[in-house]
Amino acid sequence: GVSPYFYPATTSEWSVLASYQHQVNEKLALLVGAQYFNNVAFADLDGWQVEGSIIWTPVTNFEIRAEVSHARVEDFDGRTGGWLRFTRYF
């Protein structure tokens, strides 16, 4: 079944995260990241999460961001999700 711990960052003993954002041009950026979680929910289970984002700034102070992520805790099915966000900066 699906893990009750599919948000491992909220309950792990410790974790390590790496991410990289590449500015393709003035209006487009790509981001990738990965995180490892140790002892999720203090149940001696490890987990990980990966994510990718596309960030487009079509005009000044307006950003459109699409993100997809996948998280998994050992011995459980993984969970994939994503979102689309529109942000206007003032």
Side-chain angles (χ1 to χ4, degrees):
V2 174
S3 166
Y5 314 111
F6 66 88
Y7 294 114
T10 61
T11 58
S12 64
E13 185 174 3
W14 63 267
S15 71
V16 62
L17 167 72
S19 65
Y20 174 74
Q21 181 172 316
H22 177 71
Q23 194 68 40
V24 176
N25 58 41
E26 184 179 295
K27 297 185 181 282
L28 183 66
L30 304 173
L31 184 139
V32 295
Q35 189 167 9
Y36 169 80
F37 306 93
N38 176 262
N39 199 11
V40 175
F42 304 99
D44 200 27
L45 299 170
D46 295 336
W48 54 267
Q49 180 171 326
V50 293
E51 70 178 31
S53 299
I54 299 172
I55 306 153
W56 181 42
T57 309
V59 295
T60 303
N61 295 326
F62 181 66
E63 175 184 286
I64 300 171
R65 179 184 295 245
E67 182 168 309
V68 65
S69 65
H70 181 78
R72 186 173 188 281
V73 174
E74 66 180 305
D75 298 333
F76 292 94
D77 293 340
R79 176 68 57 104
T80 301
W83 48 270
L84 180 64
R85 177 178 175 172
F86 299 87
T87 305
R88 172 78 168 105
Y89 298 101
F90 297 94

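Reckoned from all heavy atoms, side chains included, excluding hydrogens, waters and symmetry mates.
Summarising the geometry, atom CG belonging to Asn61 is positioned 11.5 Å from atom OG1 belonging to Thr87; distances are rounded to the nearest 0.5 Å. Atom CG of Leu31 and atom CZ of Arg65 lie 7.0 Å apart (nearest 0.5 Å). In this structure, Trp56 CH2 and Lys27 NZ are separated by 8.5 Å, a value rounded to the nearest 0.5 Å.
Residues Val59 and Leu84 share a single hydrophobic cluster, defined by chaining ILVMFWY side chains whose heavy atoms lie under 4.5 Å apart. Connection of Val32 to Leu17 is not established within any shared hydrophobic cluster, with ILVMFWY side chains joined at heavy-atom distances below 4.5 Å, either directly or through further cluster members.
When the shell of 6.0 Å around CD of Gln23 is examined, it contains more than 12 heavy atoms from other residues, nucleotides or ligands.
Annotation: cation-pi pair Arg72/Phe76 absent, no NZ/CZ under 6.0 Å from the ring centroid and within 45° of its normal.
Grouping Ile, Leu, Val, Met, Phe, Trp and Tyr residues whose side-chain heavy atoms lie under 4.5 Å apart, directly or via other members, leaves Trp83 alone, with no other cluster members.
Among residues two or more places apart in sequence or in another chain, the salt bridge (Lys or Arg N to Asp or Glu O under 4.0 Å) test is passed with Glu74 by none.
The shortest side-chain heavy-atom distance between Asp75 and Leu45 falls under the 4.5 Å cut-off. Val40 is not listed as a side-chain neighbour of Asp46, based on a closest heavy-atom distance of 4.5 Å or more. In this structure the side chain of Glu63 reaches within 4.5 angstrom of the side chain of Tyr89, judged on heavy atoms. Between Glu13 and Phe37 the shortest side-chain heavy-atom distance does not fall below 4.5 Å.
The closest side-chain donor-acceptor pair between Ser69 and Glu51, if any, does not fall under 3.5 angstrom.
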